[in-house]
*Asks:* 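Supplied in structure tokens, the structure appears directly below.
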Amino acid sequence: MILSINEIKSRAVEFSHEWKDETRERAEAQTFWNDFFNVFGITRKRVASFEKPALRIKGGQGFIDLFWKGKLIVEHKSKGHNLDKAYNQAKDYFNGLDEEELPKYVIVTDFKKIRLYDLEERTQKEFDISNLIDNIGLFDFISGHERIIFENEDPVNIKAAQLMGKLHDSLKYNGYIGHNLEILLVRLMFCLFADDTDIFEKNRFREFINRKTKIDGSDTGQNIINLFEVLNTSEENRQKNLDEELNRFPYIDGNLFEERIPFPSFDSKTRSILLECCHFDWSLVSPAVFGSLFQSVMNQEERHDLGGHYTSEKNILKTINPLFLYDLNNEFKSHKNNKRYLEGMLVKIGKIKLLDTACGCGNFLMIAYRELRRLQIKIHTQLRKLQGNAEQRVLNVVFDKDLNVDSMYGIEILEFPARIAQVGLWLIDHLVNRELSKEFGFYFKRLPLKKAAKITIGNALKLDWNKIIPKEELTYILGNPPFISKQDRNKEQQEDMDLICKDIKNYGLLDYVSCWYIKTAEYIKDSEIKVGLVSTNSITQGEQVGVLWKHLFSKGIKINFAHKTFRWSSDAKWKAHVHVVIIGFSMHDAKEKWIYEYPTIESDPVKIKAKNINPYLIDQKNIFILNRSKPICNVPEISFGNMPNDGGNFLFNDEEKEKFLKKEPSAKRYIKPLISAKEFLHNKTRWCLWLKNINPSELNHLKLIKERVFKVKEYRLKSKRKTTRELAQTPYLFGEIRQPLSDYIFIPLTSSENRYYIPMAFFSKENIVNNTCSVIPNATLYHFGVLMSTIHMAWVKQVCGRMKSDYRYSNNLVYNNFPWPENITDNQIKEIKNAAKSIITIRKRYNSSLSELYNPLSMPKDLLQAHKKLDRLVNKCYRNKPFKSDREIVEFLFELYDKYTSKNQKTIKNNQ
């Protein structure tokens with residue numbers, strides 16, 4: 001059983017608490033390692049199986065403390081022992097091992113510190129045992145998780161984007177704007193690359209600007225326009241007396257320089273910036289920079305309106321690798337000595353066609369194209385080895401049949417990024433051709449440009465994709481459609497939603513990106529097309545799952561790979577950060593399915609094989625959790641708190657309350673403690689006027705209260721919402737009143753994802769509950785105990801919506817659908833009540849907020865142990881066999897949910 005990341009974290013905290021203060025010596029080493037490996041789901045029996053052979057070392061014979069063949073050696077010393085000497089002793093054992101037995105890792109420890117050596121990466125990491133949770137990712141090789149490493153963006157790409165941003169800003173400041181500026185920038189970008197990548201003679205463009213234009217910049221714009229004319233004219237059609245400097249530039253074609261634009265007005269500063277760009281080495285720049293380039297010349301507001309979260313190469317590879325690159329590379333490795341098969345692979349890759357239906361600057365298409373061409377070069381190289389040099393004379397012809405840019409299709413709503421996408425694909429084609437030329441020792445160049453990427457300018461949601469490329473010809477769809485939430489849609493985007501989603505019930509709940517999933521599902525019907533899309537993680541959480549994925553699955557969609565939530569960011573001037581998922585799907589099940597799980601939202605992913613991937617991106621059967629107004633089990637009902645809707649006029653902090661009561665002491669009985677999520681979690685106090693049962697005559701005599709009620713009335717009358725204006729008829733009341741008539745369990749609606757448990761508590765009915773939380777009146781310690789368990793938390797993590805990555809508790813989705821234990825005994829209820837009471841008692845011992853008590857780094861040991869005891873008791877209410885992971889809990893709960901809801905009746909004994 002491979003444990004989930006959260007389960008490993010939970011075990012790591014327990015291990016650290018157990019061992020951080022211990023002074024036990026070597027005799028306890030076996031217990032230490034049993035506990036340590038248990039964190040990662042390795043049983044004592046498995047640990048015992050690790051051989052501990054006697055090996056000859058310097059000065060005699062030694063025994064390895066723990067030996068995992070081909071993977072790990074452990075050397076354990078007493079507290080305070082020199083870990084360097086321990087490591088040297090571990091290395092001494094290597095001489096007695098066979099090649100296949102040599103470890104990849106060495107761990108040395110003295111009970112207090114752990115030091116891990118990664119022998120392949122040549123790195124070491126040392127930390128105190130108490131900090132194990134912060135270093136969990138180092139031990140993925142133990143847990144069975146395969147970590148996928150992605151390189152960060154090369155700083156040279158960031159520098160290139162910043163330079164082009166400076167040039168854009170200077171030209172725009174001088175008054176050269178709009179369509180003409182966009183065309184100019186794209187052409188200059190091409191020239192800069194051409195200058196450093198052998199399209200032009202080396203530094204030809206730089207020397208042209210340096211020698212042919214004046215220092216004050218007055219003639220720079222005109223000379224640039226003259227150059228564009230030359231680049232658009234074939235050599236045979238150029239004027240015979242053309243300036244020699246201009247005539248040395250090649251004919252480009254491809255319509256890149258065809259449209260005439262007015263010459264831009266340069267000054268000395270703008271010319272200097274252009275020369276600065278010229279002196280930069282553009283041959284080192286990745287095509288992924290074009291997304292950053294585009295982003296760097298947009299202002300933040302425009303970018304948000306378009307959902308333009310542009311992308312680093314690192315994140316693009318997370319999509320295209322599982323979509324096709326992993327499979328193609330594995331196919332090549334498996335058949336690298338089969339000449340006929342490799343020749344067939346070249347043909348297959350040459351026929352691949354890709355479509356990005358929201359392509360922006362073409363980043364996804366460029367990286368995908370480059371990787372496919374590089375694979376073809378590998379195949380050509382291998383074929384050369386297999387066949388010798390006999391066919392060297394025809395290689396140029398063979399290469400010309402390789403994949404070309406006209407196999408790349410895109411749809412983009414704006415002209416400027418569409419132009420960048422087309423030019424970028426030409427340039428990446430040229431860069432790959434340079435790699436090919438270097439490998440085979442002769443110059444291969446596709447000039448003049450005869451073929452171009454097929455980028456369509458328009459609204460992808462209103463276009464017929466079959467007219468852009470018939471689906472029978474398409475191989476893959478990929479990209480990152482706009483990240484726009486349901487709250488942020490503009491009028492045009494809402495019209496798109498109405499067009500695409502009109503047959504889907506409750507589609508107003510969906511994010512804008514859902515339109516691409518729905519239209520894609522319709523387009524790929526009855527085809528072999530595979531899809532990989534980046535999306536906001538909200539479409540796999542909360543109520544959107546039932547709306548979107550129930551529709552998609554009804555169309556036959558199968559999820560074949562998924563990256564769970566991580567932070568998506570770019571390296572541009574205005575950095576965009578959003579929490580996303582990547583989902584790969586088609587109309588057919590893949591032979592192998594993979595989930596990429598992230599220990600933290602910023603870490604590298606861990607690759608886990610799955611039997612099925614459901615809409616929650618877990619390895620479970622396809623079940624949809626829908627909103628319910630009542631619980632599926634026989635438990636107390638839940639409701640939201642009270643909404644003031646008062647413009648702040650009913651609310652006080654401590655100081656404001658004291659000042660108010662000094663002036664109007666008779667108001668004291670109408671001021672109640674107000675509990676919201678913030679006050680609850682951080683031990684803060686706030687107060688409110690609660691006038692539900694006030695006598696009208698008394699209200700009229702309480703001058704200061706009356707003034708506040710009047711302000712509430714004014715506030716509500718100014719509202720644009722009809723329902724709020726109607727509330728002005730009763731301005732002395734909260735806008736929405738749901739105050740419990742009994743004591744209640746308090747649940748904050750939003751809670752940090754870092755907590756193992758959502759903190760909850762009991763409050764008396766005298767505490768007015770705010771609408772930032774939910775309440776369960778008439779609840780008992782039994783209900784509290786089950787809700788505070790890891791069983792319930794596992795359900796929350798998979799079913800609830802999120803605020804970024806934090807949990808967003810839902811009454812109708814989480815609580816009302818939660819499958820409580822069936823056939824529970826009175827004795828089990830009693831045990832859970834006692835365990836829950838113990839947790840409440842322990843909390844009171846500490847002068848700390850719940851936020852501090854439930855922080856994984858500071859959670860007291862006795863509180864953690866009390867929760868573990870409660871977890872074991874709740875576990876037994878579901879089944880006697882302990883759950884080994886969150887994944888196993890969720891699988892069980894989903895099956896129980898399916899059982900309860902299919903019977904459509906309440907069969908559970910929960911009478912307290």
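As a basis for the values below, the full set of heavy atoms in this structure was taken, side chains included, without hydrogen atoms, waters or symmetry mates.
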*Asks:* Under 6.0 Å between the ring centres of W594 and Y596?
*Replies:* no

*Asks:* To the nearest 0.5 Å, how far apart are CG in L674 and CG in N642?
*Replies:* 8.5 Å

*Asks:* Quick one: are L781 and I840 in side-chain contact, heavy atoms under 4.5 Å?
*Replies:* yes

*Asks:* Could you measure the distance from the CG atom of N816 to the CG atom of N627? Nearest 0.5 Å is fine.
*Replies:* 9.0 Å

*Asks:* Please examine the side chains of P644 and N770, heavy atoms only from C-beta on, and report whether any two atoms are closer than 4.5 Å.
*Replies:* yes

*Asks:* Measure centre to centre between the rings of F894 and W795, then say whether the value is under 6.0 Å.
*Replies:* yes

*Asks:* Should the heavy atoms of other residues, nucleotides or ligands under 6.0 Å from NZ of K869 be counted, would the total exceed 12?
*Replies:* no

*Asks:* Counting C-beta onward and ignoring hydrogens, is there a side-chain heavy-atom pair between C800 and Q541 closer than 4.5 Å?
*Replies:* no

*Asks:* Can you tell whether the side chains of K881 and E888 come within less than 4.0 Å, N to carboxylate O?
*Replies:* no

*Asks:* Find the distance between CD1 (I557) and NZ (K525) and round it off to the nearest 0.5 Å.
*Replies:* 10.5 Å

*Asks:* From I889 CD1 over to I791 CD1, what is the distance, rounded to the nearest 0.5 angstrom?
*Replies:* 4.0 Å

*Asks:* Kindly indicate, with the supporting measurements, whether the criterion side-chain contact (heavy atoms from CB on, under 4.5 Å) is fulfilled by V513 and L533.
*Replies:* CA-CA 10 Å; V513 72; L533 297 180; over 6 Å; no

*Asks:* Looking at E822 and K899, does any basic side-chain N land under 4.0 Å from a carboxylate oxygen?
*Replies:* yes

*Asks:* Not counting sequence neighbours, which residues clear ring-ring contact (aromatic ring centres under 6.0 Å, His included) with H551? List them please.
*Replies:* none

*Asks:* Start with the C-alpha gap between C773 and I675, add the side-chain angles, then the distance that decides, and say whether side-chain contact (heavy atoms from CB on, under 4.5 Å) holds.
*Replies:* CA-CA 9 Å; C773 48; I675 309 298; 5.8 Å; no

*Asks:* N875 side chain to R879 main-chain N or O, any donor-acceptor pair under 3.5 Å?
*Replies:* yes

*Asks:* Do the side chain of Q739 and the main chain of N767 share a donor and acceptor less than 3.5 angstrom apart?
*Replies:* yes

*Asks:* Provide the closest heavy-atom pair for N817 versus N812 in the form atom of the first, atom of the second, distance.
*Replies:* ND2-O, 3.2 Å

*Asks:* Identify the two heavy atoms, one from M497 and one from Y512, that lie closest to each other, and give their separation to 0.1 Å.
*Replies:* SD-CA, 3.9 Å

*Asks:* Are any side-chain N or O atoms of S742 and backbone N or O atoms of N778, one a donor and one an acceptor, separated by less than 3.5 Å?
*Replies:* yes

*Asks:* Whether the side chain of R716 engages the backbone of T724 through a donor-acceptor N/O pair (distance < 3.5 Å, no angle test) should be reported.
*Replies:* no

*Asks:* Do T540 and N537 have a side chain donor and acceptor closer than 3.5 Å?
*Replies:* no

*Asks:* Would a 4.5 Å heavy-atom cut-off, applied to side chains only, mark P819 and T901 as touching?
*Replies:* no

*Asks:* Ring centroid separation for H867 and Y854, is it under 6.0 angstrom?
*Replies:* yes

*Asks:* Is there a donor-acceptor pair closer than 3.5 Å between any side-chain N or O of K519 and the backbone N or O of W516?
*Replies:* no

*Asks:* Can you see whether F566 has K318 sitting over its ring - NZ or CZ less than 6.0 Å from the centre and within 45° of the normal?
*Replies:* yes

*Asks:* State which residues pass ring-ring contact (aromatic ring centres under 6.0 Å, His included) with F746; sequence neighbours excluded, sorted by chain then number.
*Replies:* F680, F763

*Asks:* Run Y598 and H563 through side-chain contact (heavy atoms from CB on, under 4.5 Å) and show every step you take.
*Replies:* CA-CA 8 Å; Y598 289 76; H563 280 262; 2.7 Å; yes

*Asks:* Looking only at side chains, do R721 and T723 share a donor and an acceptor under 3.5 Å apart?
*Replies:* yes

*Asks:* Between Y616 and V890, does the side-chain contact (heavy atoms from CB on, under 4.5 Å) criterion hold? Intermediate values first, please.
*Replies:* CA-CA 11 Å; Y616 299 92; V890 171; over 6 Å; no

*Asks:* Just by distance, no angles: are the side chains of Q620 and N614 close enough, under 3.5 Å, to form a donor-acceptor pair?
*Replies:* no

*Asks:* When you compare the side chains of H792 and Y757, does any donor N or O come within less than 3.5 Å of an acceptor on the partner?
*Replies:* no

*Asks:* Where do L681 and T750 come nearest, in terms of heavy atoms and distance?
*Replies:* CD1-O, 4.3 Å

*Asks:* Return yes if some donor-acceptor pair links the side-chain N/O of S858 with the main-chain N/O of E852 below 3.5 Å, else return no.
*Replies:* yes

*Asks:* Short question: side chain of D871, backbone of S789 - any donor-acceptor pair under 3.5 Å?
*Replies:* no

*Asks:* Look at the side chain of T565 and the backbone N and O of H579, then say whether any donor-acceptor pair between them is shorter than 3.5 Å.
*Replies:* no

*Asks:* Within this structure, what is the CD1-CD1 distance for the pair I745 and I776, rounded to the nearest 0.5 Å?
*Replies:* 5.0 Å

*Asks:* Evaluate the ring planes of Y878 and F818, with Trp represented by its six-membered ring, and classify them as parallel (under 30°), tilted (30 to 60°) or perpendicular (over 60°).
*Replies:* perpendicular

*Asks:* Whether the side chain of S838 engages the backbone of N834 through a donor-acceptor N/O pair (distance < 3.5 Å, no angle test) should be reported.
*Replies:* no

*Asks:* Just by distance, with hydrogens left out, do Y517 and D511 show a side-chain donor and acceptor under 3.5 Å apart?
*Replies:* no

*Asks:* To the closest 0.5 Å, what do you measure between CD1 (I768) and NZ (K672)?
*Replies:* 6.5 Å

*Asks:* With no hydrogens and no angle check, is any side-chain donor or acceptor of N560 less than 3.5 Å from a backbone partner on H588?
*Replies:* yes

*Asks:* Do Y507 and I518 have side chains that approach each other closer than 4.5 Å (heavy atoms only, starting at C-beta)?
*Replies:* no

